*Asks:* 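Below is a structure I'd like to ask you about.
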Amino acid sequence: MEPVAIVGVGMTEMRRERKADGYADLVYEATRKALDDAGMEIAEVDNVITVSNDFFDGRTISSMAVQDACGSFDKNVSTVEGDGTFGAAYGLMRILSGSFGTTLVCVHHKGSESQMPLITNAMFDPLYERFLGIEAVSSSALQARAYMEKYGITEEQCALVSVKNHRNAFANPVAQLPLELTVEQVLASPYIADPIKLLDCCPVSDGASAVILASEERAKKLAAKPVWVKGVAYCSDAYHLGDRDLSDVRALEEAARKAYAMAGIGDPAREVDLVELYDAFTYMELMWLEGLGFCARGEGGKLTASGDTAPGGRLPVNVSGGCLSGNPVLVAGLNRVIECVLQVRGDAGERQVDGVRTAVAHGINGPCGQSHCVWVLGGEK
Amino acid sequence: MGDWREDQELVVMEGRIKVPYRWFAGEVGTRYFESLRDERKFLGTKCGACGKVYHIPRRNCPDCFAECSEWVELGSAGTLETYTVVRRQHPQLAPLPLPYGYGVIRLDGADTGFLHLLYEFEEGGLATGMRVEAVFADEREGRILDVRYFRPTKGVS
């Protein structure tokens with residue numbers, strides 16, 4: 001792959017209800033921050049990808065409603081409905097096409113404006129599934145049980161993820177939900193859909209973020225410190241939950257295998273310094289760690305209990321606080337990429353992990369992680 | 001943008017989108033729902049190439065991408081592959097009084113699971129691998145809720 005860099009990143013604060021900002025205001029804030037970070041002006045952006053979801057926004061073609069806020073007048077604009085990691089992958093491809101030197105990718109979400117269960121219910125098939133009332137939490141609970149029973153994963157091991165990631169959020173100024181918790185408090189929180197409890201769940205959030213990608217030639221001309229895209233891949237599993245082995249992570253394994261092959265990574269557990277993954281629910285962090293190849297299947301709980309995934313550990317995971325500490329849907333995946341960029345650059349402030357040369361970011365799309373997108377980012381071309 | 005907004009209530013416009021839809025079940029779905037409605041029977045479709053029986057039914061096999069050329073009658077009982085008991089739910093969504101369950105159920109004769117409701121179970125009375133059976137609605141309209149829910153099979157654990 002031709003070298004492509006991420007040269008600018010911007011995130012708004014994630015908050016439960018940002019009433020003073022409409023979603024275009026959030027997009028403007030994130031875009032402005034990304035431009036400032038890159039040392040660019042909007043005229044230097046060759047093309048734009050906007051990422052959104054119509055049901056969440058309560059309007060159709062929602063991705064075309066933020067064009068003034070991301071400065072895309074007179075530019076080639078394309079749109080993605082899905083997680084921000086997928087939008088950024090499309091942005092990368094537009095540079096690789098040779099048609100564009102720079103791509104701005106911006107993502108927005110206001111969970112406060114609608115009612116999350118009603119929206120996530122609508123991702124299910126209207127003939128066979130939707131009118132059963134299933135939504136994101138209860139469908140994920142089916143997956144959590146399938147996974148936990150197959151491998152003997154305990155609710156305590158899942159609770160450790162909640163304790164770790166909410167604590168990590170104290171060092172991240174954009175995080176929504178820094179909490180000092182004990183395992184006992186997580187275990188004592190009420191069941192929503194067992195085995196998932198309240199403190200196993202990500203919050204509802206408002207936020208936006210943006211990244212600017214650049215070809216090698218354009219990146220060289222910028223003052224910003226480039227972070228290079230070493231590998232990107234994505235893969236999807238079946239749509240209907242009953243068609244899948246919900247304890248299985250084959251789509252993630254395939255996406256990770258391809259991304260690592262592009263990046264020349266043979267042993268991710270040794271060669272990756274930091275991971276940001278999509279922990280919408282605590283069990284997901286354990287499952288995705290396995291699917292990303294950082295431990296054997298069923299070992300995610302032990303890996304977490306060992307302390308290796310804590311900020312001072314061998315493989316820090318979600319030092320940003322993860323989705324558990326702020327989950328503007330769609331934005332959340334791009335925020336995983338942005339945290340990796342900041343860590344590779346050494347710009348992560350109070351939460352900076354020493355010596356991050358290679359970082360892995362991960363996003364999901366569809367019910368129970370139907371589709372996975374894996375990014376490998378590094379400081380060297 | 002200035003200090004005017006101190007002591008101001010920010011404007012929030014309440015709204016609701018009401019858009020009618022007609023989701024077509026197609027020939028495959030129509031036959032399936034007719035069978036539920038008229039005969040209280042679940043039907044699956046069988047791949048002409050690999051022989052896998054799909055429930056819910058579909059026209060083509062996603063694995064070998066061949067046509068599912070044959071209808072197969074399935075049992076109205078099956079095995080629970082995974083489940084959850086829902087304790088909190090948005091009032092517009094819950095089709096049964098809380099707590100109720102969701103399960104992925106593999107009906108007898110099918111090679112895939114399908115999602116449905118679980119009810120009529122004791123607290124702590126569900127387990128992966130247990131046998132469950134369909135409870136049909138008396139009034140059936142040709143839709144998935146013609147099956148009210150599944151419950152643990154009487155006398156069998």
Side-chain angles (χ1 to χ4, degrees), chain A residues 17-22 25 54-55 58-60 112-122 124-135 137-150 190-198 237-247 367, chain B residues 1 5 8-13 15-17 19 21-26 29 32-33 54-58 62-63 81-96 99-107 110-117 126-129 143-145 147 149:
Chain A
E17 187 176 69
R18 290 192 49 161
K19 254 188 184 167
D21 301 288
D25 301 321
D54 289 0
F55 255 65
R59 72 175 74 181
T60 58
S112 64
E113 292 193 349
S114 59
Q115 297 185 44
M116 190 64 68
L118 299 183
I119 306 291
T120 61
N121 170 251
F124 290 95
D125 184 277
L127 289 162
Y128 295 99
E129 291 158 346
R130 189 180 301 175
F131 296 105
L132 305 173
I134 190 94
E135 33 60 57
V137 182
S138 48
S139 57
S140 296
L142 294 169
Q143 182 173 45
R145 185 181 305 281
Y147 165 66
M148 291 167 71
E149 286 191 354
K150 182 166 180 180
Y191 282 108
I192 309 296
D194 57 22
I196 291 180
K197 297 173 291 295
L198 182 66
D237 204 336
Y239 172 55
H240 295 295
L241 300 181
D243 287 354
R244 287 157 61 182
D245 174 352
L246 287 174
S247 69
Chain B
M1 279 193 183
R5 78 181 189 204
Q8 292 285 325
E9 270 297 306
L10 289 157
V11 172
V12 175
M13 199 191 83
R16 171 176 283 270
I17 297 176
V19 184
Y21 280 90
R22 299 186 303 147
W23 289 294
F24 292 5
Y32 176 78
F33 286 120
Y54 286 96
H55 180 240
I56 49 186
R58 66 208 66 185
D63 284 344
E81 294 193 321
T82 183
Y83 67 95
T84 181
V85 178
V86 180
R87 315 282 174 175
R88 293 187 186 185
Q89 185 56 289
H90 193 286
Q92 257 176 266
L93 291 182
L96 293 166
Y100 68 88
Y102 290 110
V104 174
I105 298 151
R106 186 180 296 218
L107 289 181
D111 292 316
T112 61
F114 93 119
L115 180 74
H116 214 286
L117 296 158
L126 296 175
T128 301
R143 60 197 203 104
I144 199 66
L145 284 169
V147 180
Y149 49 80

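Bear in mind the structure is a predicted one, so any value in this text is a computation, not a measurement.
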*Asks:* Taking every non-hydrogen pair under 4.5 Å, which of A:P126, A:S114, A:A146 racks up the most with chain B?
*Replies:* A:P126
*Asks:* Using heavy-atom distances under 4.5 Å, tell me whether B:A25 contacts chain A through its side chain, its backbone, both, or neither.
*Replies:* both
*Asks:* Side chain from CB out, backbone as N, CA, C, O: work out which of these in B:F24 comes under 4.5 Å of a heavy atom of chain A, or both, or neither.
*Replies:* backbone
*Asks:* Do you know which of B:R16, B:R87, B:H55 has the most heavy-atom pairs under 4.5 Å to chain A?
*Replies:* B:R87
*Asks:* With heavy-atom distances below 4.5 Å as the criterion, would you say the side chains of A:H240 and B:F114 are in contact?
*Replies:* no
*Asks:* Contact part of B:V12 toward chain A, heavy-atom cut-off under 4.5 Å: side chain, backbone, both or neither?
*Replies:* side chain
*Asks:* Please answer whether the main-chain N or O of B:Y83 pairs with a side-chain N or O of A:R145 as donor and acceptor at a distance below 3.5 Å.
*Replies:* yes
*Asks:* Could you check whether A:E135 and B:H90, counting side-chain N and O atoms only, form a donor-acceptor pair closer than 3.5 Å?
*Replies:* no
*Asks:* If we define contacts as heavy-atom pairs under 4.5 Å, which of B:I56, B:V104, B:T112, B:V86 has the most with chain A?
*Replies:* B:I56
*Asks:* Please report the interatomic distance OG1(B:T128) to CD(A:E149), rounded to the nearest 0.5 Å.
*Replies:* 3.5 Å
*Asks:* Rounded to the nearest 0.5 Å, what separates atom CG in A:L127 from atom OH in B:Y32?
*Replies:* 11.0 Å
*Asks:* Please identify, among B:V11, B:I144, B:T84, the residue contributing the most non-hydrogen atom pairs under 4.5 Å to chain A.
*Replies:* B:T84
*Asks:* How would you list, by chain and number, every residue that makes a salt bridge (charged side-chain N to carboxylate O under 4.0 Å, His left out) with A:D243, sequence neighbours excluded?
*Replies:* B:R58
*Asks:* Heavy-atom distances under 4.5 Å only: say whether B:L115 touches chain A with side chain, backbone, both or neither.
*Replies:* both
*Asks:* For each of A:S138, A:A141, A:G22, A:A144, tally heavy-atom pairs with chain B at distances under 4.5 Å, and name the one with the top tally.
*Replies:* A:S138
*Asks:* Looking at every heavy atom in both B:Q89 and A:P117, which two are closest together, and how far apart are they?
*Replies:* OE1-CB, 4.3 Å
*Asks:* With a 4.5 angstrom heavy-atom cut-off, could you sort out which part of A:N121 is near chain B: side chain, backbone, both or neither?
*Replies:* side chain
*Asks:* Which atoms of A:Q115 are under 4.5 Å from chain B, going by heavy atoms: the side chain, the backbone, both sets, or neither?
*Replies:* side chain
*Asks:* Nearest 0.5 angstrom please: B:L96 CG to A:L132 CG, how far?
*Replies:* 9.5 Å
*Asks:* Taking all non-hydrogen atoms of both residues, which atom of A:G58 and which atom of B:I17 are closest, and how far apart?
*Replies:* O-CD1, 3.3 Å
*Asks:* Counting N and O atoms only, with roles assigned by atom type, does the side chain of B:T82 sit under 3.5 Å from a partner on the main chain of A:L142, one being a donor and the other an acceptor?
*Replies:* yes
*Asks:* Identify, with sequence neighbours excluded, every residue that meets salt bridge (charged side-chain N to carboxylate O under 4.0 Å, His left out) alongside A:R130.
*Replies:* none
*Asks:* Taking atom CE of B:M13 and atom CD of A:E113, what is their separation to the nearest 0.5 Å?
*Replies:* 10.0 Å
*Asks:* Determine the minimum heavy-atom distance between A:Y128 and B:P57, stating which atoms define it.
*Replies:* OH-CG, 4.2 Å
